[in-house]
Undergrad: 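Have a look at the structure that comes next, please.
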Amino acid sequence: MRSGTRGRRPRRGESRPEQTATVRIESIAAGGDGVGRIDGLACFVPRTAPGDLVQVAFTSQARFARGRVLQVLEPSPDRVAARCRHFERDQCGGCQLQHLSDEAQRAVRSQVVQDALQRVGHRTVERPTVTQASAWGYRGRLTLTAQRHGGRVTAGLHRGDRPGTLFAPDECPIADARLVTAWQAVRAHGMEIPTAVADAPLRLSFRLVDAAMDAAMDAAMDAAMDAAIDDAITVGLVVQGGYAFSRGETWAESLLAAVPALSAVWWVPEGGDGRCLAGRADRSVLSFTQVNAGAAALLRAHVLELVRAQQPASVVDAYAGRGELSIALAADGVRVAAVELDAAATTVASAALEGVPHARVLTGLVEAMLPSVLPADVVVLNPPRRGVDALVTTALADAADQGVRAIVYVSCDPATLARDLTRLPRWRIAALHCFDLFPQTAHVETVCLLLPERA
């Protein structure tokens, strides 16, 4: 359905002035936009729900169109009121699906994974089940972009409709409340940021930190221990970017004195190594942790179950992070090689596995280290969003001939998972399960068990 000027579709590289149309939203695309059709042309419309009838303003390109909602004419039954005031008022870019019910969000994620594996990976699969933990207050990290305007420093989140524009959030219902409280206190106290080259990004990352966080990620915690850990958790602030921070230490010390919830302030210069400006000095403040500890614990328990089912004597834990999986497997007596590029993370893993003779922790690129730690009975892959390097899939393509019995691939991007599976034609999908680590957003984690075709 359409109103407005009709005419030829634009040639490649051309665009048309904005037009209006009435569109029925049919599905949700991987990035969270609703998809409808205008004269057969796919139109991507943010913040819509399957079944919505919407009036949109759209701009067409050669092969698709992008639209924005002018009016919801018939709301979908999947549509709910957004909890966060910034979702509508400021068009916050952090959440894409807050207008959908939890059930509808899970259905979207399952469909996105199925579509990617079939369209990109050429693998026919059933829609996977999606497991969800808490839908609100789950994020253990809140990262804001910081800017200097003359002598004044501001920080905020990006608008989804105008990514270059920031707004200072008053709330973030998906983040742990302690992070928001710390951010508000820092904002009231006053901010300092490093000197940076023009247009270089500067970020303030508020993170839940404490040695107890390692235990908090264990799914088998009793209520009393949970409460003790909850009381022990503090907030660390990591300032990222820039090349000089002349007032950094003075500001950080005054910040810790003014904001009791903060336990540490660190600075990570562009291209450099992080250093503590004030407070807690151990590098675990910098190491990567999943932002949703509850859902991450469920995911890790599932991965452990898949690995243990193979009864392995040896496991390669690639992209191992802080080594939680390796630590659990080493406790089983499994010979483990944990490979991770992040030196802060491997420092944590090495300390936890110190003195364990059947465990190794290697710092470096997985594609460089993998040949030296193979063969193994099971290989676990948990790469970043870009997926694995082609050298990794090359090393594993025929790994069954060298005794690898299973690959457990943990993916945070269905498209790169699907691409990587095309590079592993001799491995079949034996099990597929999704985890909703980022409710209200378009992200989904997928755990894929691969077995040799002959198995």
Side-chain angles (χ1 to χ4, degrees), residues 30 110-129 299-300 302-321 325-326 329 334-341 360 362 364-435 444-455:
S110 181
Q111 181 68 64
V112 164
V113 171
Q114 182 189 47
D115 288 349
L117 293 184
Q118 293 182 170
R119 179 174 48 84
V120 180
H122 310 297
R123 307 283 184 120
T124 300
V125 296
E126 299 293 329
R127 282 199 189 186
T129 300
L299 184 152
R300 186 168 52 256
H302 180 69
V303 171
L304 270 171
E305 181 181 3
L306 293 177
V307 174
R308 285 168 172 162
Q310 300 298 318
Q311 299 182 326
S314 58
V315 171
V316 172
D317 182 9
Y319 313 92
L325 182 70
S326 292
L329 291 171
V334 176
R335 189 169 69 255
V336 178
V339 184
E340 169 60 48
L341 181 61
R360 288 190 290 163
L362 298 91
L365 292 167
V366 170
E367 53 266 32
M369 299 285 186
L370 189 58
S372 68
V373 294
L374 288 175
D377 295 327
V378 177
V379 176
V380 178
L381 303 174
N382 189 4
R385 187 163 300 280
R386 64 179 176 273
V388 302
D389 189 274
L391 292 173
V392 173
T393 47
T394 297
L396 294 174
D398 300 317
D401 296 338
Q402 283 76 50
V404 177
R405 301 203 296 264
I407 299 171
V408 180
Y409 192 133
V410 184
S411 167
C412 59
D413 188 309
T416 55
L417 169 63
R419 179 207 64 199
D420 292 341
L421 291 180
T422 64
R423 301 169 176 170
L424 296 168
R426 296 182 61 189
W427 294 84
R428 62 181 176 86
I429 298 176
L432 193 67
H433 195 100
C434 294
F435 290 83
V444 60
E445 299 271 334
T446 307
V447 179
C448 183
L449 173 64
L450 300 171
L451 299 178
E453 280 288 1
R454 67 172 182 268

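No hydrogens, no waters, no symmetry mates; every other heavy atom, side chains included, goes into these values.
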Undergrad: Only one of Val336, Val366, Val316 forms a side chain to side chain contact (heavy atoms under 4.5 Å, CB included) with Val373, so which one is it?
TA: Val316

Undergrad: With side-chain contact (heavy atoms from CB on, under 4.5 Å) as the test, would you mind laying out the steps for Val388 and Tyr319 before giving the verdict?
TA: CA-CA 10 Å; Val388 302; Tyr319 313 92; 3.5 Å; yes

Undergrad: With no hydrogens and no angle check, is any side-chain donor or acceptor of Asp377 less than 3.5 Å from a backbone partner on Val315?
TA: no

Undergrad: Quick check: do Asn382 and Val303 have side-chain heavy atoms less than 4.5 Å from each other?
TA: no

Undergrad: Which value, rounded to the nearest 0.5 Å, describes the distance between Leu329 atom CG and Asp317 atom CG?
TA: 7.0 Å

Undergrad: side-chain contact (heavy atoms from CB on, under 4.5 Å) for Thr394 and Arg423? Distances and angles first, verdict last.
TA: CA-CA 7 Å; Thr394 297; Arg423 301 169 176 170; over 6 Å; no

Undergrad: For the residue pair Ala397 and Trp427, what are the closest heavy atoms and their distance?
TA: O-NE1, 3.3 Å

Undergrad: Search all heavy atoms of Gln402 against all heavy atoms of Pro375 and return the closest pair with its distance.
TA: O-CB, 3.4 Å

Undergrad: Nearest 0.5 Å, please: how far is OG in Ser110 from CD in Glu126?
TA: 10.0 Å

Undergrad: Find the distance between CG (Leu374) and CG (Leu370) and round it off to the nearest 0.5 Å.
TA: 4.0 Å

Undergrad: Can you name the nearest heavy-atom pair linking Val307 to Pro312, along with the distance?
TA: O-CD, 3.2 Å

Undergrad: As a quick check of understanding, evaluate side-chain contact (heavy atoms from CB on, under 4.5 Å) for Gln310 and Leu451, giving each step before the final call.
TA: CA-CA 10 Å; Gln310 300 298 318; Leu451 299 178; 4.0 Å; yes

Undergrad: Taking all non-hydrogen atoms of both residues into account, name the closest pair between Ala116 and Ala418 and its distance.
TA: O-CB, 3.3 Å

Undergrad: Can you list everything that forms a salt bridge (charged side-chain N to carboxylate O under 4.0 Å, His left out) with Asp389? Sequence neighbours excluded, please.
TA: none

Undergrad: To check you understand the geometry: which heavy-atom pair defines the closest contact between Leu362 and Ala337, and what is its length?
TA: CD1-CB, 4.4 Å

Undergrad: Checking Arg426 side chain against Asp398 main chain: does a donor-acceptor pair fall under 3.5 Å?
TA: no

Undergrad: Of all residues at least two apart in sequence or in a different chain, which pass the ring-ring contact (aromatic ring centres under 6.0 Å, His included) check with Tyr409?
TA: none

Undergrad: Can you find a heavy atom in the side chain of Leu421 that is under 4.5 Å from one in the side chain of Ile429?
TA: yes

Undergrad: Atom OG1 in Thr446, atom CG in Leu117: separation rounded to 0.5 Å?
TA: 7.0 Å

Undergrad: Can you tell me how far apart CZ (Arg386) and CZ (Arg419) are? Round to the nearest 0.5 Å.
TA: 10.0 Å

Undergrad: Evaluate whether atom CZ of Arg335 has more than 12 neighbouring non-hydrogen atoms of other residues, nucleotides or ligands under 6.0 angstrom away.
TA: no

Undergrad: Find the distance between CG (Leu449) and NE2 (His302) and round it off to the nearest 0.5 Å.
TA: 8.0 Å

Undergrad: Under the criterion side-chain contact (heavy atoms from CB on, under 4.5 Å), I'd like the reasoning laid out for Val379 against Val408: C-alpha separation, chi angles, the key distance, then a yes or no.
TA: CA-CA 6 Å; Val379 176; Val408 180; over 6 Å; no

Undergrad: Would you mind listing every side-chain hydrogen bond (donor to acceptor under 3.5 Å, both in side chains) that reaches into residues 112-121, with sequence neighbours excluded?
TA: Gln111-Gln114, Gln111-Asp115

Undergrad: Given side chains that start at C-beta, do those of Glu445 and Val410 come closer than 4.5 Å, heavy atoms only?
TA: yes

Undergrad: Any idea which heavy atoms bring Asp420 and Gly387 closest together, and the distance?
TA: OD2-CA, 3.7 Å

